[in-house]
Every structure is written in C-alpha cells, then in structure tokens.
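I have placed the structure first, in the form of structure tokens, so that the comments after it can refer back to it.
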Amino acid sequence: MHTRPPLFTPARRRQARRTAALTLCAALLAAGCGSSQDTARNGKATASRAAGFPVTIDNCGVKTTYDKPPSRVVTIHQHPAELMLSLGLKDHMAGTAFPDSAVLPELAKDYASLPELAKKEPSFETVLDKEPDLVYGGYGSAFDEKEGRSRKAFRDAGIDTHLNREYCGKKRVTMDDTYAEIRTVGKIFGVSDRADQLVADLKARVDKAAKTVADEPDVPVFVYDSGDKTAFTAGGKSLGTELIQLAGGKNVFADLDDVFGDVSWEQVVERKPEVIAIYDYAGAGSIEQKKEFLLAQPALKDVPAIRNKRFVVLPLTATLVGVRSAYAVGDLARGIHPKSFG
C-alpha cells in the first residue's frame, strides 16, 4: 500500500497553512489584514471554545490530552456518528464510514449531510485525506493494525483517536457503559452539559419502558444474530442481555459466558424461547431472509416463538454502546409484552 511521506501528514499540512497565513498577514498588515475587531472577536471565540481545557482522557489504555475540542472528526462505524450528532456536534464532523442500519429518524438529515468515506472501514489514506484531528471508532476493527489503521499509525500522523469503550476489553457491557461513553465524549468536546442532559433523557426513556412491564412475568427470549449450522447469539456479557431484562424478558442464553457465541439448534429447542429477537445489520441477510430461515427449520417447529411467529427486530446499532440502546428497551418491551402498551 502506498504510504504518504511524512511531509504531507495532515498535522504538517495544517501547520504549513497556518504559517503561510501568518506570513501573508504580516506582509499585508498595513492593508488591514487582521483588524483589531476581528482579532478580539476571534480571541473571544477561542477562549469560549477552550473553556475547561485541557482535558485528559484515558481511553482503552491510551491517554490523550485535548487542548481544545476536536474540530475535524472522522467516525468509523455508525454508532459513534449517531452519538456525536445526538450531542449536537455535526459541525465538528469531517466524515463518517460504515453505515450499519437505518439511522434514527431525528438524526437522518444530519447524518445524510456527512461525507461517507466508505461502506466498510475506510483505508488509512482515505481517512488522512479528510485531514482529521480525531478518529472515533465504534468497533475494534476501526483501528485494525493489519489494515494499517492502528492507533499508533494515526498518532504518528498527528491524529488523536478514541475507541468506543465497549471494545476496551471489559468483561461485561451494561447501560452504564453507554452513559459513561456519552459523558466522556461530552467532556472531549466541552459539552458536558449536553451530555448530562442526553443521559438524563435516555435514562427516562429506559425507565418509562421498564416500569410499564415491571409487573409482568419474564418472557424467555432468544437472540438470533446469524448462522445456519449453529446459531450465533448474544451471551450473558452482552449489552443485549441487559436490554432484554429491562424490557421484561430473560435471555435464554444468559449463562453463555461471553458477549456473543455459537449455540446448537438443539439447545435453542430445549430452552423454549417465546420470543426471538433478530439483529438486523448490513451484510448478514435481510430480516425476511432470517425469518424465512428460522420458520423453515423442521427442528424448530415446536419452539413457542416459531409456532406463534413472535419476532422482534432490532438494528444491531441498537444493541451497542451508543444512544440507540435506550430506544431498544422500548422496542423490545413492546414486542415481549404487547398488551402492556395497549
């Protein structure tokens, strides 16, 4: 792969432009370049933006100090982009990549206005071409060393990185991780007040759905992500397990000691799920294809969820650490306990 010479890293290009601008301004000072009014206005704006900075963040073992809010961010994967947009940070975004599913309706217009760099993870060079000062990754694959996108590679190019805390190697993922991620991003951009308000709104959304089904018996739920010979499902350490619990259900594979894992169809039959939650995302087959596959399996014909065709569809992005997880609780609750919602 072609490697850009160090001379042309984004950080050095920006510095070169600043130097050239200052030189030109000095040469034209007599002609009014940089009036005192402009200088005062710009200085005031800079001071306002930098209030509360510097900020140091320890993210997955990588410490980064921000002297001011990043102004040109590339997000890799959909959920970091949605999180930033939910915090009103569109003007800080230089591009995004790897859309997973339909965007939240209230964010769709802003999301569509962002340059899409790639349908999957973009190349290192493609990211560099946007001259970002921060790359925010959703999955660990955002910073795949084998693809030349390691966090070190970006650091060497003068670009900061942030990885969704879900991929920091913790044992279990919970809604608390969602709230912590939002607050961390709020701190990085100097909008902690917005982050606190967003967390409060999401908690209220979750609480409303959870209280609606609080008196209902737990319904056994099987998560179907993908797979034919075996079923790839959400284990006990996944955020999905907590979402199901909050929605008045019980993940039938909560005893699977992992975030995700493969189980046999015989195990699915034995555990008699009454609802199947299907994860929807690009590249794994359509929802209709997944339903047809499950309904066509002779071994599953006596499973209550199959017999009664009880499916709940969740975008994969709604089961990750991001703003969508709070919405997922309500969607699941309606699918698990429809009578509770009238």
Side-chain angles (χ1 to χ4, degrees), residues 1-4 10 59-60 70 72-86 89-90 92-104 107-108 110-157 159-169 173 181 185 224-228 232 234 238-240 259-260 278-290 313-325:
M1 183 181 73
H2 175 67
T3 302
R4 187 187 297 275
N59 168 239
C60 302
R72 290 187 59 80
V73 183
V74 166
T75 56
I76 301 179
H77 303 117
Q78 184 176 328
H79 48 302
E82 288 188 325
L83 195 160
M84 286 192 64
L85 292 175
S86 296
L89 297 170
K90 184 185 76 168
H92 294 253
M93 301 176 71
T96 189
F98 207 147
D100 255 334
S101 52
V103 179
L104 278 173
L107 302 177
D110 284 344
Y111 189 90
S113 72
L114 300 173
E116 184 179 289
L117 308 188
K119 293 296 182 185
K120 299 292 185 181
E121 290 91 350
S123 70
F124 183 69
E125 286 293 315
T126 297
V127 176
L128 257 60
D129 283 342
K130 298 304 293 183
E131 300 190 358
D133 49 8
L134 174 66
V135 178
Y136 181 10
Y139 301 112
S141 57
F143 302 116
D144 189 336
E145 185 174 354
K146 293 180 180 178
E147 295 294 328
R149 290 189 309 271
S150 69
R151 298 186 74 173
K152 180 180 183 301
F154 282 114
R155 183 181 69 237
D156 291 346
I159 302 168
D160 294 326
T161 57
H162 184 82
L163 177 60
N164 187 303
R165 65 191 295 116
E166 185 168 355
Y167 289 86
C168 287
V173 187
E181 181 74 6
V185 174
Y224 179 59
D225 178 289
S226 57
D228 49 12
F232 192 56
S238 69
L239 180 57
V259 176
F260 279 94
I278 302 178
Y279 285 1
D280 182 24
Y281 57 99
S286 70
I287 288 300
E288 287 309 311
Q289 288 173 326
K290 288 183 177 182
V313 177
L314 288 180
L316 181 62
T317 47
T319 69
L320 306 170
V321 169
V323 295
R324 297 289 283 270
S325 52

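Rounded to the nearest 0.5 angstrom, Thr96 OG1 and Leu117 CG are separated by 7.0 Å. Taking CD of Gln78 as the start and CG of Leu107 as the end, the distance is 9.5 Å to the nearest 0.5 Å. With rounding to the nearest 0.5 angstrom, the CG atom of Asp110 is 11.0 Å from the CG atom of Leu89. Considering CG of Leu114 and CE of Met84, their distance stands at 9.0 Å, rounded to 0.5 Å. Rounding to the nearest 0.5 angstrom, the gap separating the CG atom in Leu85 from the NE2 atom in His92 is 11.5 Å. Once rounded to the nearest 0.5 Å, the distance linking OG of Ser325 with CG of Leu239 reads 5.5 Å.
Residues Glu131 and Arg72 are not paired through a salt bridge, judged by the lack of any N-O separation under 4.0 Å between the basic side chain and the carboxylate.
For the residue pair Pro315 and Ser101, the shortest heavy atom distance occurs at CB-OG, 3.5 Å. Listed here is the closest heavy atom pair of Cys60 and Arg151: CB-NH1, 3.8 Å. Annotation for Val127 and Pro122: closest pair CG2-CG, 3.6 Å, computed over non-hydrogen atoms. For Pro80 against Gly137, the heavy-atom pair with the smallest separation is CG-C, 3.9 Å. Minimum interatomic distance between Arg324 and Thr317 (heavy atoms only, all atoms of both residues): CB-O, 3.4 Å.
Under the 3.5 Å distance criterion, the side-chain polar atoms of Asn164 are matched with a main-chain donor or acceptor of Val321. Not a single donor-acceptor pair under 3.5 Å links the side chain of Ser141 to the backbone N or O of Asp144. Without hydrogens or angle criteria, Asp160 side chain to Leu134 main chain gives no donor-acceptor distance under 3.5 Å. No side-chain donor-acceptor contact under 3.5 Å links Glu116 to the backbone of Ala97. With Gln289 contributing its side chain and Ser286 its backbone, the two residues share a donor-acceptor pair below 3.5 Å. Here the side chain of Glu82 pairs a donor or acceptor atom with the backbone of Leu104 at under 3.5 angstrom.
Between Pro132 and Val73, the closest side-chain pair of non-hydrogen atoms is not below 4.5 Å. Residues Ser226 and Phe232 meet the side-chain proximity criterion, which asks for heavy atoms closer than 4.5 Å. Under the 4.5 Å side-chain criterion, counting only non-hydrogen atoms from C-beta, Ser238 is not in contact with Thr319. The side-chain heavy atoms of Met93 and Thr75, taken from C-beta on, include a pair separated by under 4.5 Å.
Using modelled atom types and a 3.5 Å distance limit, the side chains of Tyr281 and Asp225 yield a donor-acceptor pair. Asp100 and Tyr139 share a donor-acceptor pair across their side chains, judged by distance under 3.5 Å alone.
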For Glu121 and Arg149, what are the C-alpha separation, side-chain angles and deciding distance, and is it a side-chain contact (heavy atoms from CB on, under 4.5 Å)?
CA-CA 10 Å; Glu121 290 91 350; Arg149 290 189 309 271; 3.4 Å; yes
Could you go through the side-chain contact (heavy atoms from CB on, under 4.5 Å) check for Glu147 and Ser123 one step at a time?
CA-CA 7 Å; Glu147 295 294 328; Ser123 70; over 6 Å; no
Carefully, step by step, assess Tyr279 and Phe260 under the rule side-chain contact (heavy atoms from CB on, under 4.5 Å).
CA-CA 12 Å; Tyr279 285 1; Phe260 279 94; 3.8 Å; yes
May I have the step-by-step check of side-chain contact (heavy atoms from CB on, under 4.5 Å) for Leu163 and Tyr136, ending in yes or no?
CA-CA 6 Å; Leu163 177 60; Tyr136 181 10; over 6 Å; no
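Ring orientation note: the planes of Phe124 and Phe154 are tilted relative to one another, at an angle of 30° to 60°. In this pair, His77 and Phe98 present their aromatic rings tilted. The plane angle is within the 30 to 60° band.
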